[in-house]
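Protein chains get the first letters and strands the later ones, always in sequence-line order, with residue 1 at the start of each. Just so it is clear, the model here is predicted, and its values are computed rather than measured.
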Amino acid sequence: MNEELLRELNEAQKEVVIYNDGNALVIAGAGSGKTRVLVHKIAYLLQNGYTPNQLMALTFTNKAAKEMKSRIQMLLPHLKANMLWMGTFHSIFLRILRENAVCIGFPDFFSIYDESDVKSLLKSIFKEMKLDEKQYKYSFIRHCISEAKNSLLTPANYIQSPNSVGKSYFLEYPFLGKIYATYTERCKSAGAMDFDDILLYTHLLFKKNPEVLDRYRERFRYILVDEYQDTNLAQHTLIEQIVGKGIKVCAVGDDAQSIYSFRGADIDNILNFRTTFGDCKLFKLEQNYRSTQHIVNASNSLIKHNKMRIPKKVFSTLGDGEKIRIVELFTELEEASWVANKINELYLSKHNSLNDYAILYRTNAQSRTLEDALRKKNLPYRIYGGIGFYQRKEVKDILSYLRLIVNPNDEEAFLRAINTPSRGIGIATISKLHSISLSENISFWDILSEESEFGMNLSMNVKKKLFGFRVLIEELIEDSKHCEMQSLLQNVLVKSGLRADIYANNLPESLDRQQIVEEFIKSASEYSISLLEEEGRVLTLPEFLSEISLATDQDRTEEEEENNKITLMTVHAAKGLEFENIFVVGMQEDLFPYYLSCKSSRELEEERRLFYVAITRAKRRCFLSYSKKAFRFGDSGNVRPSRFLSDIDPSCVESSNSNISGKKSISPYVHYAKWNLTWDNLEAKKDTGNSTSSTSTANTTPSIISKGDELKEGSIIKHERFGVGEVLSIEGEGNDKKIVVRFQEVGTKILLLRFVKYTLVKK
DNA sequence: CTAAGTGCGGTTTTT
DNA sequence: CCGCACTTAG
Ligand SMILES: Nc1ncnc2c1ncn2[C@@H]1O[C@H](COP(=O)(O)OP(=O)(O)OP(=O)(O)O)[C@@H](O)[C@H]1O
């Protein structure tokens with residue numbers, strides 16, 4: 001069994017997988033199989049005595065987590081993959097927080113504020129404090145708060161600590177600390193956390209409640225982390241808190257792919273990894289399995305222009321392949337349609353799938369032109385990023401009611417729900433409520449609930465409206481106790497008046513909104529069905545809310561009737577992925593590198609790393625394009641090609657025009673002593689103990705009639721969502737009877753037989 | 001209180 | 001160009 005697992009790896013990779021004497025760190029270039037090593041290591045550990053609940057595997061995106069899960073499921077078809085604690089930092093630690101909310105003074109079903117909730121709360125605080133929003137710009141303040149949290153500073157520490165990251169701002173922004181403190185207070189009394197809080201509060205939970213930490217430390221034996229170069233202090237420290245005394249860590253990463261410094265990622269975390277954790281072996285992987293030699297050479301020659309980096313050897317055995325093409329177009333429009341044409345042409349001649357094509361860009365705003373061009377050519381595409389489905393107005397409206405049901409103190413949900421649809425409760429009323437809330441230190445909901453406070457200086461008419469809202473929410477809370485998700489959703493829509501509002505007419509705009517609402521209902525229903533089928537559990541409202549609070553658009557369980565689509569996404573979003581053909585558009589000065597990130601060589605080098613990530617996504621073909629005329633803020637101007645284009649070794653490039661390699665790029669590099677790195681000064685020492693085992697918990701289910709006796713190994717079934725698949729095995733008895741099915745599209749799944757909806761294709 | 005219109009500022013990357 | 005804060009009319 002082990003041999004089979006290891007056969008798919010080269011010698012260097014095998015070593016990492018097998019190594020179990022201490023902590024392990026892999027630093028290696030793009031496409032060298034780091035993620036593959038992690039996946040195989042998890043499988044290997046599982047085959048050699050570790051149980052799924054002893055492993056914690058952390059990724060940065062839900063997409064990566066999902067991908068990893070399915071790859072492991074592929075290697076170990078009988079594994080109950082959902083027993084693995086595998087997910088993003090945020091999702092895993094949110095789970096831990098939910099299990100211990102009371103320890104940190106939060107309600108069990110605390111809310112998660114998304115970006116728009118945060119914005120609205122902060123703006124309300126600005127008003128309260130009468131701050132000049134020209135000086136206290138939302139985006140800057142938001143950044144500072146996030147920075148504070150990522151540095152694990154509570155408001156008190158942020159203000160007082162001598163080496164606080166806020167220090168340098170306080171002179172110019174004397175109220176910054178106060179804003180942060182107020183913001184934190186308000187979130188707390190609303191029973192809400194923002195994204196960064198998830199990490200900060202988990203850190204505090206572990207720090208202040210060692211017995212809680214110990215409970216998890218008894219359970220976990222191994223922590224595995226992908227993309228370690230992008231961890232911030234909070235993430236790094238959390239791992240540090242857990243690891244040690246028989247709990248090992250294995251991390252993989254590539255310093256050249258560190259592209260998230262804007263959210264606190266600190267490359268020192270990976271560089272100092274060996275000293276932080278001790279007893280750590282460093283591994284290198286040098287063979288690139290993804291790309292052809294030209295692409296590997298091009299990316300290497302590019303990244304060599306960075307001073308801050310660890311030099312690496314990389315080679316490919318896939319042959320030279322095609323050179324990188326650089327193409328100049330006149331306008332952005334022409335560029336987009338050139339890309340569309342090129343894809344069409346390749347698609348027709350190579351007879352491959354559109355899934356093999358990705359178009360990458362620096363900013364989401366660039367996608368529009370591309371979409372138009374693709375639509376014009378009738379080329380199907382799928383776009384990642386941008387405004388997520390769950391942030392859509394219509395969806396947020398429904399969610400605000402659902403959030404109130406679960407946590408009536410959720411201030412942002414309250415503010416949205418109370419006048420959506422319009423109930424004649426406007427700013428005047430809200431600000432009265434607001435001042436009561438502040439002076440009495442109670443939530444909006446409490447004001448409505450306490451008769452005494454209620455009547456203060458409000459007119460009879462307003463009182464009636466507020467009372468009506470209170471009754472509505474109380475009724476929905478009651479409904480939630482005995483309704484299932486679907487009927488609860490219907491109740492919310494009908495009783496709130498949202499349905500009547502949205503279905504009031506059939507204007508095209510209205511139809512769009514209706515469609516979004518329908519889609520939301522469908523996605524809830526699909527989620528609840530898959531939970532039933534895969535885990536035999538009934539979806540509860542709090543679980544549903546918690547789940548989607550972390551879901552970005554891309555992870556929504558979409559229907560995939562059309563499974564042949566071009567991928568459009570930002571370079572950031574493409575990290576960790578690979579495609580046969582990559583198109584990077586907008587390769588011009590001011591856009592890539594982005595004009596806001598050109599101030600220091602630190603920023604410029606990060607932009608260059610970003611470009612490195614873009615190129616290294618390509619397996620066979622890579623096209624870089626730019627337009628000479630760019631429309632920015634309405635007016636147009638001439639732009640020059642990106643300086644990065646001339647960083648690439650000309651021998652790997654085929655250019656459709658002349659004026660690229662001519663101009664030498666100006667690179668006024670600052671020398672950072674600590675960045676003068678070699679493999680040698682990454683060495684470290686120390687050692688830790690060893691480990692044994694622990695156990696898992698059971699689960700319960702209701703009982704329903706059983707069917708599916710006609711199935712046996714080798715049967716082919718068609719599942720309504722997963723498509724066609726082969727039954728690999730049937731396990732368990734009675735209500736617990738499960739089938740292991742390998743689906744063509746979605747990989748292997750374990751499904752509870754009594755809940756599965758399928759049709760038999762072949763006995 | 002709501003809806004519709006004007007004028008201004010700023011403009012990235014994401015969990 | 002897009003989102004916003006603010007104004008004005010109903
Ligand atoms: N030993 C191997 N044999 C065959 N294919 C391999 C091997 N190792 C890696 N690959 C393939 O190489 C490609 C890149 O692997 P992987 O995504 O794990 O690399 P990575 O180092 O994580 O890349 P990145 O840093 O860009 O995320 C994948 O398609 C993977 O299947």
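The shortest side-chain heavy-atom distance between A/Leu122 and A/Ile179 falls under the 4.5 Å cut-off. The side-chain heavy atoms of A/Glu128 and A/His434, taken from C-beta on, include a pair separated by under 4.5 Å. At a threshold of 4.5 Å between non-hydrogen side-chain atoms, the residues A/Tyr594 and A/Glu603 do not count as touching. Counting heavy atoms from C-beta on, the side chains of A/Phe623 and A/Val339 never come closer than 4.5 Å.
Using cut-offs of 30° and 60° on the angle between ring planes, the pair A/Tyr228 and A/His236 is perpendicular.
Taking atom NE2 of residue A/His143 and atom C1' of nucleotide B/dT15, one finds them 16 Å apart after rounding to whole Å. In this structure, A/Ile259 atom CD1 and B/dT14 atom P are separated by 9 Å, rounded to whole Å. Distance A/Asp372 CG to C/dC1 C1': 14 Å, rounded to the nearest Å. What separates CG of A/Asn150 from C1' of B/dT15 is a distance of 10 Å, to the nearest Å. A/Leu596 places its CG atom 7 Å from the P atom of B/dT12, with the value rounded to the nearest Å. In this structure, A/Tyr113 atom OH and B/dT14 atom C1' are separated by 21 Å, rounded to whole Å. B/dT15 atom C1' lies 13 Å from atom NZ of A/Lys149, rounded to whole Å. Between A/Lys599 atom NZ and B/dT12 atom C1' the separation is 11 Å, expressed in whole Å.
Neither OP1 nor OP2 of C/dC1 sits under 4.0 Å from any side-chain N or O of A/Arg368. Taking only side-chain nitrogens and oxygens, A/Asn364 comes nearer than 4.0 Å to OP1 or OP2 of B/dT14. In terms of phosphate contacts, A/Thr570 brings a side-chain nitrogen or oxygen within less than 4.0 Å of OP1 or OP2 of B/dT14.
A cation-pi arrangement, defined by a distance under 6.0 Å to the six-membered ring centre and an angle within 45 degrees of its axis, is absent between A/Arg423 and A/Phe469. By the 6.0 Å and 45° rule, A/Arg392 does not stack over the aromatic ring of A/Phe389. For the pair A/Lys396 and A/Tyr390, the cation-pi test (distance below 6.0 Å, angle within 45°) is failed.
Between the base of B/dT13 and the side chain of A/Arg362 there is a donor-acceptor pair shorter than 3.5 Å.
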Identify all pairs in which a protein N or O lies below 3.5 Å from an N or O of nucleotides 5-7 of chain C, and state each distance.
| residue | atom | partner | partner atom | Å |
| --- | --- | --- | --- | --- |
| C/dA5 | OP1 | A/Lys123 | NZ | 2.8 |

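Side-chain contact, A/Gln366 with A/Thr363: a donor N or O sits under 3.5 Å from an acceptor N or O.
The side-chain ring of A/Phe262 is stacked on the base of B/dT13, judged by centre separation under 5.5 angstrom and plane angle under 30 degrees.
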Base-contact (B) and sugar-phosphate-only (S) positions in nucleotides 1-9 of chain B, heavy-atom cut-off under 4.0 Å, - elsewhere: SS-------
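A centroid separation of less than 6.0 Å is found between the aromatic rings of A/Tyr260 and A/His572.
Each of A/Glu603 and A/Thr88 lies near DNA chain B, and the nucleotide nearest A/Glu603 is the one positioned closer to the 5' end.
Nucleic acid contact for A/Phe89: none, since no nucleic acid atom lies under 4.0 Å from a heavy atom of the residue.
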